[in-house]
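To start, the structure under review is shown below, and the notes come after it.
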There are 2 protein chains.
Amino acid sequence: MATPFDFQMMARAITLAKKGRFTTAPNPNVGCVIAQGEEVVGEGFHFRAGEPHAEVHALRMAGERAQGATAYVTLEPCSHFGRTPPCALGLIDAKVAKVVCAMRDPNPQVAGKGIDMLRQAGIEVEVGVLEQEAYQLNRGFFKRMESGMPFVQLKMAASLDGQSALANGQSQWITSPPARRDVQQFRAQAGAILSTQKTVSDDDASLTVRWHELPQSIQAQYQQQDLRQPVRVILDRQAKLSPQLKLFQTQGEILVVGEKGDISASLGPNGQISLSALFAELAKAHNIQHIWVEAGASLASSLLQEQLVDELIIYLAPKLMGGDSRGIFAGLGLTKMTEVPELEFQDVRQVGADIRIIATPKTR
Amino acid sequence: MATPFDFQMMARAITLAKKGRFTTAPNPNVGCVIAQGEEVVGEGFHFRAGEPHAEVHALRMAGERAQGATAYVTLEPCSHFGRTPPCALGLIDAKVAKVVCAMRDPNPQVAGKGIDMLRQAGIEVEVGVLEQEAYQLNRGFFKRMESGMPFVQLKMAASLDGQSALANGQSQWITSPPARRDVQQFRAQAGAILSTQKTVSDDDASLTVRWHELPQSIQAQYQQQDLRQPVRVILDRQAKLSPQLKLFQTQGEILVVGEKGDISASLGPNGQISLSALFAELAKAHNIQHIWVEAGASLASSLLQEQLVDELIIYLAPKLMGGDSRGIFAGLGLTKMTEVPELEFQDVRQVGADIRIIATPKTR
């Protein structure tokens, strides 16, 4: 049975894990705390793929004091030799007495092996402390593992009456600068940013992470030199993207989706892009497990109708644009209230002058 | 200089005043606390027009202990003989030593007279403790006093993407039962509920306050026998209201606005209803100082464009209805982002499954 102290230590390990959220992709965020009695003797988190895992940092810090200690890890320690040796082995070598894991590794080819390795070495193992919280750390990593599909966040910005542009297309700016800075931290956590040729061309958007626009609280733990640019994936069926666009003048990888683009496997016989096929391909061939979507009403509606949205992040500005403006979604063709897609509000807060709402679609 | 104790007592008086918010219309909400040293010896609030003012209740409770005490009142005590004798006189007769008022009576014909009467009797008077909070108690009363116009709240219910009905008109129900119960408490505080023939006919809405639907916290302090039905004001230019409607089967006063209705003075030569003329008439001839509007996109847009909305109360449901549904506002004909009506968010909270946002238009 987990004690209050165990929960406290695991919460600390989760907080540590989060420090890697801008840099570890496509690796998961993992944190580790080593306690000797009630004293923390080591802690660490995974910072970047190819660099040491959380357990290694914590064990290094603990040194000989790891002997007989309890290690708290937010994910089952790995059991395989990859770019680094298996962490389960490291914990065994350090002679820890007990390992508490928040959750098993959901990868069916790995699940339980790290735990078995520890138990076979005579180490007591407990699993399931703050499991939900640990799962939230790596929604993209786990979703791809479980379903082969990436975790998809759809970002929208609208007036309080749900409009995203005036009838003539004017839309800059609906939301306030703090809301636009807030978007930067979401971009920075994604593996890819998805948009369309139309949105990129209309706004001449670079779709990059700009370190100096991140909230100060994040700048304090995420150095400019560590900036990782998500891959920009642009739907451009008709090859209309101009090389003059700011998109192409900025650093970072770009994948154009279209017959003449970098990805064409997801195109149907009529040249239509199959979004689900594209996402599966991005996950499989490009290691992308977390997509941040910034686009217009048409792509947003398609994603919604194909049930490809895991989370909706909507910024509502204190403005009214009227029913003759352009809505954030295109027509959904609904004729009954019982058909209306339902959401659950997860988080509502004020960001600058705007309100940010995070909602998840209810599964039907 | 007001002391922390003074603020504490005035806050208590304000809390008391609020207990009358469902019943005092068209009188203001007023609360009074009498303290002898640091001991509260009397308190009271105004409950209903024609019944004793707050000061009378508090003085009765204090009895002889009012002598030498300090009275805290949320509004300058009245100085005129109305349905009750002037409260300033009551305070003088009771020999209180000091009176602290949150604010002066803004009625230019009264302002300061109550205070003068007290001072002339040798009572120390302090004005301006928690003035803003006291003002908020009676926004309708003060607005009519200052401008001759009622305070107007516009209620709307929409999906997260700003739609209030499907293309075919279906709309029941967008919001959850807790949100609809929340509406009841707003209705109960208004002097009038404004709607249109179309809304009333489409929904067969009674637009009454239903005591059993009020939140329990309110039922606890507001007895069913004290239920006051706001006047229902229905715009019906073409006299289409059917006598079969639930509206006419329920208790409470109804004023139909239209050539053949109860109010026709606010009709223009072409039969158009002038909303500002109507509101002025409701304030002047019908003693209405607080209007709660429940109507469709067309009336909402007119009120917005004529700058007649003081407060917007919008319930957003966790649903997406799509751009082919009906928006909460009709077209506003905007062509520049700088023309977009701006709001300020005052309060954002979850009500059942929905979000309730209270916003006020920014004055330009």
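Just so it is clear, the values below take in all heavy atoms, side chains as well, and ignore hydrogens, waters and symmetry mates. Sequence lines set the chain letters: A, B, ... in the order given, protein chains first and strands last, and positions in each chain run from 1.
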*Before giving the answer on side chain to side chain contact (heavy atoms under 4.5 Å, CB included), spell out for B/Leu166 and A/Val340 the whole-Å C-alpha distance, their side-chain angles and the decisive distance to 0.1 Å.*
CA-CA 9 Å; B/Leu166 295 178; A/Val340 171; 4.2 Å; yes

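- For the side-chain contact (heavy atoms from CB on, under 4.5 Å) test with B/Ile355, the passing option among A/Ile355, A/Val348, A/Leu316 is A/Val348; the others fail.
- Considering only heavy-atom pairs separated by less than 4.5 Å from chain B, the leading option among A/Ala330, A/Ala300, A/Gly323 is A/Gly323.
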Below 3.5 angstrom, are there any donor-acceptor pairs between chain A and chain B, and if so, which atoms and how far apart?
{"from": "A/Asn168", "atom 1": "ND2", "to": "B/Thr335", "atom 2": "O", "distance (Å)": "2.8"}
{"from": "A/Gln170", "atom 1": "OE1", "to": "B/Met337", "atom 2": "N", "distance (Å)": "3.3"}
{"from": "A/Gln170", "atom 1": "NE2", "to": "B/Thr335", "atom 2": "O", "distance (Å)": "3.3"}
{"from": "A/Pro318", "atom 1": "O", "to": "B/Leu343", "atom 2": "N", "distance (Å)": "2.6"}
{"from": "A/Leu320", "atom 1": "N", "to": "B/Pro341", "atom 2": "O", "distance (Å)": "3.1"}
{"from": "A/Gly323", "atom 1": "N", "to": "B/Phe329", "atom 2": "O", "distance (Å)": "3.2"}
{"from": "A/Gly323", "atom 1": "N", "to": "B/Ala330", "atom 2": "O", "distance (Å)": "3.1"}
{"from": "A/Asp324", "atom 1": "OD1", "to": "B/Leu332", "atom 2": "N", "distance (Å)": "3.0"}
{"from": "A/Asp324", "atom 1": "OD2", "to": "B/Leu332", "atom 2": "N", "distance (Å)": "3.3"}
{"from": "A/Asp324", "atom 1": "OD2", "to": "B/Gly333", "atom 2": "N", "distance (Å)": "2.7"}
{"from": "A/Phe329", "atom 1": "O", "to": "B/Gly323", "atom 2": "N", "distance (Å)": "3.2"}
{"from": "A/Ala330", "atom 1": "O", "to": "B/Gly323", "atom 2": "N", "distance (Å)": "3.1"}
{"from": "A/Leu332", "atom 1": "N", "to": "B/Asp324", "atom 2": "OD1", "distance (Å)": "3.0"}
{"from": "A/Leu332", "atom 1": "N", "to": "B/Asp324", "atom 2": "OD2", "distance (Å)": "3.3"}
{"from": "A/Gly333", "atom 1": "N", "to": "B/Asp324", "atom 2": "OD2", "distance (Å)": "2.7"}
{"from": "A/Thr335", "atom 1": "O", "to": "B/Asn168", "atom 2": "ND2", "distance (Å)": "2.8"}
{"from": "A/Thr335", "atom 1": "O", "to": "B/Gln170", "atom 2": "NE2", "distance (Å)": "3.3"}
{"from": "A/Met337", "atom 1": "N", "to": "B/Gln170", "atom 2": "OE1", "distance (Å)": "3.3"}
{"from": "A/Pro341", "atom 1": "O", "to": "B/Leu320", "atom 2": "N", "distance (Å)": "3.1"}
{"from": "A/Leu343", "atom 1": "N", "to": "B/Pro318", "atom 2": "O", "distance (Å)": "2.7"}

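- Highest contact tally toward chain A, considering only B/Gly162, B/Gly322, B/Pro318, is held by B/Pro318 [criterion: heavy-atom pairs under 4.5 Å].
- Most heavy-atom pairs under 4.5 Å with chain A, from the set B/Ala165, B/Gly331, B/Gly327, B/Ala167: that is B/Gly331.
- The part of A/Leu312 that comes within reach of chain B is its side chain, from C-beta onward, which places non-hydrogen atoms under 4.5 angstrom from that chain.
- Taking A/Leu304, A/Ile357, A/Ile328, A/Leu332 one by one and counting their heavy-atom pairs under 4.5 Å with chain B, the maximum is reached by A/Leu332.
- Heavy atoms closer than 4.5 Å to chain B are found in the backbone of A/Ala353, but not in its side chain.
- In terms of heavy atoms, A/Ile174 sits closest to B/Met337 at CG1-CE, 3.6 Å.
- The choice from B/Ala297, B/Ala359, B/Pro361, B/Gly333 that makes the most heavy-atom pairs within less than 4.5 Å of chain A is B/Gly333.
- Of the two parts of B/Ala317, only the backbone, made up of N, CA, C and O, holds a non-hydrogen atom closer than 4.5 Å to a non-hydrogen atom of chain A.
- Here the straight-line distance linking atom CG of A/Leu160 with atom CD1 of B/Ile314 works out to 4.5 Å at 0.5 Å rounding.
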